[in-house]
There are 2 protein chains.
Amino acid sequence: MARKPAEQSVNRLDILLAAANVFRRQGYHGAKMSDIAAEVDLTAGSLYHHFPEGKQQILIEVLNEGLDQITAEVQAVVDDNTLMPDEKLRKVIYTNILGLTQNTSVAAALVFETRTILENPEARKTYLKRRDAFEQLYNHVIQEGIDARLFRQVDVPIFTKTVLGAHNWVGVWYREGGRLAGEQIAEEMSNTFLAALSPVSVPTAKN
Amino acid sequence: MARKPAEQSVNRLDILLAAANVFRRQGYHGAKMSDIAAEVDLTAGSLYHHFPEGKQQILIEVLNEGLDQITAEVQAVVDDNTLMPDEKLRKVIYTNILGLTQNTSVAAALVFETRTILENPEARKTYLKRRDAFEQLYNHVIQEGIDARLFRQVDVPIFTKTVLGAHNWVGVWYREGGRLAGEQIAEEMSNTFLAALSPVSVPTAKN
DNA sequence: TGTATAATTAAATCACGATTTGATTATTTT
DNA sequence: AAAATAATCAAATCGTGATTTAATTATACA
């Protein structure tokens with residue numbers, strides 16, 4: 001029979017996960033070190049054994065981990081050369097959203113706590129570069145679809161921000177066990193943005 | 001010649017505007033009372049003359065003011081009975097986004113600082129009710145369009161959240177003087193979501 | 001087994017920032 | 001121009017919460 005989870009000492013990753021949860025509930029500033037510590041059955045002081053760099057470093061690593069993971073998921077789809085631009089974008093969006101619903105704590109942190117990290121000049125530079133790179137993934141796929149006449153001509157940067165804004169918000173309102181599963185939401189939203197790019201109907205204000 | 005701007009005493013509204021700016025730059029928790037005060041050439045203590053209820057009340061009123069204003073703008077469009085559902089939605093989105101670009105500080109506060117206010121039970125209840133009401137405006141217009149066969153059948157709550165997520169994000173990335181003016185962004189984004197609802201092309205995963 | 005190292009804790013620090021207080025200065029009102 | 005009221009300020013409070021410190025306990029290792 002499975003042995004009792006052997007209450008071994010926690011590691012950095014445990015703490016990052018715990019911190020992400022507390023950040024989601026209370027925000028970075030509202031999260032006391034003791035709150036994070038409690039989440040892993042430790043004392044505030046003990047956290048400094050694992051993170052001598054302190055609270056902000058915890059946030060930095062939460063965000064980096066999160067962005068890494070999401071980027072990796074999306075990048076994998078982008079690298080799939082068997083997909084046409086339209087199906088690629090659909091899959092990118094689907095994958096991205098599904099990922100967010102599966103990791104809402106990190107998703108929320110990426111939305112709400114990024115500003116905090118940006119106050120730190122070094123972290124800022126690194127982080128923004130990676131976030132831009134992520135945004136470029138979307139820009140490229142969309143541009144490809146336009147070039148292939150599969151999408152109507154949209155302003156690519158704006159469209160990307162539109163998509164990513166909608167994505168981000170998922171991490172805020174999505175609740176596990178809600179009316180729809182993550183897969184359904186991902187399906188619905190990817191349909192929405194693919195339809196938005198459909199070249200056939202180009203509705204304009206006039207007429 | 002124009003008289004020196006008569007350094008009259010500031011009023012509550014001045015302070016709310018100033019606070020919104022500081023909140024945008026530094027976030028609620030990062031905003032010191034002295035920062036807000038400096039923005040209107042006052043001392044931290046002086047703020048308490050205008051807001052004896054303190055810092056949180058300032059935030060509450062910033063958010064309420066902001067939500068009020070945006071709701072009013074959108075409601076006016078919704079009440080225009082001369083518009084068909086599709087053109088009504090287009091105008092709703094356009095108006096909403098344009099409003100956000102014209103008041104980015106408040107827009108950002110509505111996104112980032114809402115959680116803070118929610119910790120306060122009374123404010124929470126009031127605020128959430130109004131935010132839901134706002135969301136309902138969108139739900140209704142969209143449902144009308146579906147009923148009139150002007151829109152394809154989407155999951156209305158999800159679509160609304162998709163739209164609002166994209167909206168919210170505008171307040172984060174939009175910068176005055178950027179490549180596109182608020183009007184152009186509003187135009188582009190309203191096109192996007194109207195296209196997304198177009199009943200003709202119903203792209204699905206199975207081509 | 002005994003010694004070094006890792007984890008953890010409880011109990012200080014220590015700084016910062018919201019709020020309060022007690023004047024002081026402007027502006028109205030009569 | 002008094003008298004009352006409004007605005008403002010500089011200088012205390014005062015609590016909170018991150019970080020530090022000095023042990024204590026557990027684990028690895030030789």
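Every chain is numbered from 1, with letters handed out A, B, ... down the list of sequences. In this text the structure is predicted, and so the values were computed from the model without any measurement.
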Roughly, in whole Å, what's the span from CG in B/N11 to C1' in D/dT8? 15 Å
All pairs passing ring-ring contact (aromatic ring centres under 6.0 Å, His included) where residues 86-136 of chain A contributes a residue, at least two apart: A/F134-A/Y138
Identify, with sequence neighbours excluded, every residue that meets side-chain hydrogen bond (donor to acceptor under 3.5 Å, both in side chains) alongside B/N21. B/S105
Check this one for me: any side-chain N or O of A/H50 less than 4.0 Å away from OP1 or OP2 of C/dT8? yes
Applying side-chain contact (heavy atoms from CB on, under 4.5 Å), name anything that partners B/F51, two or more places apart in sequence or on another chain. B/R12, B/I15, B/L16, B/E53, B/Q57, B/I58, B/E61
If only atom types and distance count, is the side chain of B/N168 paired as donor or acceptor with the main-chain N or O of B/L164 below 3.5 Å? yes
Pairing residues for A/D79 by the side-chain hydrogen bond (donor to acceptor under 3.5 Å, both in side chains) criterion, not counting sequence neighbours: A/Q75
Could you check how far CZ of A/R12 sits from P of C/dA6, rounded to whole Å? 14 Å
Residues touching DNA chain C, which here means a heavy atom under 4.0 Å, drawn from residues 109-121 of chain A: none
For A/Q57 and D/dA18, what is the distance between atoms CD and C1' respectively, to the nearest whole Å? 15 Å
Per-nucleotide protein contact along nucleotides 9-20 of chain C, 5' to 3', at a 4.0 Å heavy-atom cut-off (B base, S sugar-phosphate only, - neither), is BS------SSBB
Contacts of A/Q102 meeting side-chain hydrogen bond (donor to acceptor under 3.5 Å, both in side chains) (sequence neighbours excluded), chain-then-number -> none
Partners of A/T104 by side-chain hydrogen bond (donor to acceptor under 3.5 Å, both in side chains), sequence neighbours excluded? A/R24
With sequence neighbours excluded, give me every side-chain hydrogen bond (donor to acceptor under 3.5 Å, both in side chains) pair touching residues 176-185 of chain B. A/D155-B/R179
